[in-house]
Q: 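Dropping the structure in here first, questions after.
Residue numbers start at 1 and run along the sequence shown.
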Amino acid sequence: SVFVRGSRERHSFVARPRVYVKPSNWTPPTEGPHEKMLAWFQNRGIPAKVVVDNQIRMVKTFMPQTNKEEWTIAFPFYRDLEPVNVKYRTVDKAFKMEKGCEPIFYGLDNIDPSDTADLLIVEGELDLLSYQTCGLRNVISVPNGTGSSLDECLPSAIPFIENALHVLLAGDSDAPGQKLMKDLAHRIGPEKCRNVTYPSDCKDANDVLVQHGPRTLRECIEAAAPVPIVGVFDADAFADEFLRMYDEGVPSGISTGWECVDRKWKIQTGQLVVVTGIPGHGKSEWVDALCCNLAEDQGWATAMFSPENHPVRLHMMKLAEKHIGKPYNPGIHERMTKAEASKAVDWIQAHFHWLMPQQPSLDEILSKAKALVFTRGIRILVIDPWNEVEHARPQGMTEAEYVAHGLMHLRRFARTHDVLVIVVAHPKLLEKGAGGKYPVPTPYDISGGAMWRNKADNCLAVYADPTDQKGSVQIHVQKVKFKLFGQVGLVEMTWDRLTGRYFERLAT
């Protein structure tokens, strides 16, 4: 995870960079490859020269799948002429990589980082070797197939991806392979990517090479089609989904993690959500809980610009309580154990990232959030609150015009990167009603007025009595742009002060 130290916080938690080791038992081959290994590759359509060029050799090593030493094919992962990792494969497809070594892309040293030609990303070493057999050199492979952690391996490929004119995504044709390529397109940016498809009787590049030959495999590359870009529509690209939706039903959104909220409103990425509420009524607390639910249920990562939640260690405490379900501090109630607190740190590190730029303009926040889309695959961006963003309204522009411009910028970011953007905004000073209570604020009560409601896809208000010991909270759903994902209405909830969790308030 990315934790940026702010100038006003001397003791904030900063993730320590991971320290990797070098392969323990790898030395470059000093003699030719084993004949049996060459024969195996020949059966896969890969000539001896390609095997030799990649320094592949046979190695006897312990394999955890069989709990004994096995003869394996060893694929060395080089960067800047230095061995960084080694992957071992038995002929019956048992795999392992060197423990503690950096999981970089395979084939990096075959490419000139300054080369601006198209870059091809594949799912395995055999696919890379298959393309090299066809004369293509600008090919890299994820280190561990569909089990690869993009968070860990993508940084090694950043210079090559940035310099490439296009990135061609050539994963296996099965569902896991296509999901991996979709995740890569999400992080790299669909406008730069092209999808490679294979003949219907082939799962991967090596199948094409063996069954149809090098020419057909090259034709697959030449026929690579652009990845659909947000905002550019082609009916043919969505025809299958359209007809499948007819049979399976129209999607109704992603669960918030609370059934009572789902009855009124569900999540949809690519949208802008505005949450308002009177100070002290718990709007930030509720947004935190929502992000925790989506981390738990969907595995989503969140980027937080949340100055009012500093120092970060205290924000982590609140997130840990929601995750573990126990208070962090000692008291009359059972406290989370040290082991549970440590477990919570790991969970938070995997799902939450804090943005603390020195100059927190909207452009700077979105720039860092875009980087986290690429490196961490974030699905949620929280700006809490709006008034902590450094605003520089141009001379001659009204506040309403400025707000409209900023919200359009946020909405465009949400749609381009398929991210849920949540903006927490304080209302202006409200007057108490006849009963001595403040009214429920609406988007019209935020500075900038109607623009908040006009530009947002969804508007919610969190309303509570801070003195209520029962923790009663109201969630007012005030705008839902698409009726598929909800309707205007009221949700009654209860906030547990000990854990920060929210529950449906049951009728008494």
Q: Checking K192 side chain against E162 main chain: does a donor-acceptor pair fall under 3.5 Å?
A: yes
Q: Just checking, is any N or O donor in the side chain of K326 or H333 under 3.5 Å from an acceptor N or O on the other one?
A: no
Q: Test your reading of the model: is there a side-chain donor-acceptor pair from Q474 to the backbone of V491, 3.5 Å cut-off?
A: no
Q: Would you confirm whether N195, through its side chain, and A225, through its main-chain N or O, come within 3.5 Å as a donor-acceptor pair?
A: no
Q: Can you confirm whether M316 sits close enough to V345 that some side-chain heavy atom of one is under 4.5 Å from a side-chain heavy atom of the other?
A: yes
Q: Output yes when a side-chain donor or acceptor of H353 lies under 3.5 Å from a complementary backbone atom of A303, and no otherwise.
A: no
Q: Can you name the closest pair of heavy atoms from A164 and L119 and give their distance?
A: CB-CB, 3.7 Å
Q: Mind checking whether F503 and W258 have ring centres under 6.0 Å apart?
A: no
Q: Assess whether atom OH of Y328 is packed by more than 12 heavy atoms of other residues, nucleotides or ligands within 6.0 Å.
A: no
Q: Can you confirm whether L154 sits close enough to L184 that some side-chain heavy atom of one is under 4.5 Å from a side-chain heavy atom of the other?
A: yes
Q: Run the side-chain contact (heavy atoms from CB on, under 4.5 Å) check on D204 and V122 step by step: do they pass?
A: CA-CA 9 Å; D204 55 30; V122 298; over 6 Å; no
Q: If you define the side chain from C-beta out and look only at heavy atoms, does anything of T442 sit under 4.5 Å from C459?
A: no
Q: How long is the gap from NE2 on H351 to CD on Q298, to the nearest 0.5 Å?
A: 11.0 Å
Q: Thinking salt bridges, do D183 and R187 make one under a 4.0 Å N-O criterion?
A: no
Q: Return the minimal non-hydrogen interatomic distance between Q65 and A94, and the atom names on each side.
A: CD-CB, 3.8 Å
Q: Counting only heavy atoms not in K179, do more than 12 fall under 6.0 Å of its NZ?
A: no
Q: For the side chain of T276 and the backbone of P443, is there at least one donor-acceptor N/O pair under 3.5 Å apart?
A: no
Q: R393 side chain to M397 main-chain N or O, any donor-acceptor pair under 3.5 Å?
A: yes
Q: Parallel, tilted or perpendicular for Y402 and W386, by the 30°/60° rule?
A: tilted
Q: Donor-acceptor pair, distance only, cut-off 3.5 Å: does the side chain of Y463 make one with the backbone of P439?
A: no
Q: What's the spacing between H310 NE2 and E388 CD if we round to 0.5 Å?
A: 9.0 Å
Q: Would M304 and N309 count as a side-chain contact (heavy atoms from CB on, under 4.5 Å) if you check the C-alpha gap in whole Å, the side-chain angles of each, and the deciding distance to 0.1 Å?
A: CA-CA 10 Å; M304 287 269 188; N309 269 311; 5.9 Å; no
Q: Which pairs count as ring-ring contact (aromatic ring centres under 6.0 Å, His included) when at least one residue sits in residues 173-196, sequence neighbours excluded?
A: none
Q: Evaluate the side-chain proximity of I348 to H323: yes if any heavy-atom separation is below 4.5 Å, no if none is.
A: no
Q: State whether the side chain of E123 and the backbone N or O of D172 hold a donor-acceptor pair below 3.5 Å, judged by distance alone.
A: yes
Q: What do you reckon, is NZ of K437 surrounded by more than 12 foreign heavy atoms closer than 6.0 Å?
A: no
Q: Mind running side-chain contact (heavy atoms from CB on, under 4.5 Å) on V84 and L108 for me, showing each step along the way?
A: CA-CA 11 Å; V84 175; L108 293 180; over 6 Å; no
Q: Assign the ring pair F482 / F485 to parallel, tilted or perpendicular, where the plane angle (0 to 90°) is split at 30° and 60°.
A: perpendicular
Q: Search all heavy atoms of A456 against all heavy atoms of K479 and return the closest pair with its distance.
A: O-NZ, 2.7 Å
Q: For the NE2 atom on H405, are there more than 12 heavy atoms of other groups (residues, nucleotides or ligands in this structure) within a distance under 6.0 Å?
A: no
Q: Do I475 and V462 touch side chain to side chain, with heavy atoms closer than 4.5 Å?
A: yes
Q: Between K87 and F95, is NZ or CZ placed under 6.0 angstrom from the six-membered ring centre and within 45° of the ring axis?
A: yes
Q: Do H426 and E308 have side chains that get closer than 4.5 Å, going by heavy atoms?
A: yes
Q: Where is the tightest heavy-atom contact between H315 and D288, given as atom of each residue plus distance?
A: NE2-OD2, 2.9 Å
Q: For D457, run the side chain to side chain donor-acceptor pair (under 3.5 Å) check against Q271, R415, R411 and tell me which one passes.
A: R415
Q: Stepwise, does the salt bridge (charged side-chain N to carboxylate O under 4.0 Å, His left out) test hold for E285 with R497?
A: CA-CA 10 Å; E285 191 83 21; R497 293 175 181 273; over 6 Å; no
Q: Give the intermediate values and the outcome of side-chain contact (heavy atoms from CB on, under 4.5 Å) for residues L290 and I422.
A: CA-CA 11 Å; L290 174 63; I422 302 175; 4.0 Å; yes
Q: Does K182 NZ have over 12 foreign heavy atoms under 6.0 Å away?
A: no
Q: Keeping the roles fixed (side chain from E401, backbone from T398), state whether a donor-acceptor pair exists under 3.5 Å.
A: yes
Q: CZ of F77 to CD of E125: how many Å apart, nearest 0.5 Å?
A: 4.5 Å
Q: Indicate yes or no for a side-chain donor-acceptor contact from N387 to the backbone of A425 under 3.5 Å, with no hydrogens or angles considered.
A: no
Q: Which pair of heavy atoms, one from F62 and one from K96, lies closest together, and at what distance?
A: O-NZ, 2.6 Å
Q: Working to the nearest 0.5 Å, report the span between CZ of F105 and SG of C153.
A: 4.0 Å
Q: Does CG in L243 sit with more than 12 non-hydrogen atoms of other residues, nucleotides or ligands closer than 6.0 Å?
A: yes
Q: Can you check whether W300 reaches I254 side chain to side chain, under 4.5 Å on heavy atoms?
A: yes
Q: Using 0.5 Å steps for rounding, measure from the OG1 atom of T416 to the CD atom of E191.
A: 8.0 Å
Q: So how far is it from I324 CD1 to K322 NZ, rounded to the nearest 0.5 Å?
A: 13.0 Å
Q: Give the minimum heavy-atom separation between Y20 and P103, together with the two atoms involved.
A: CE2-CD, 3.7 Å
Q: Does any non-hydrogen side-chain atom of F352 lie less than 4.5 Å from one of C291?
A: yes
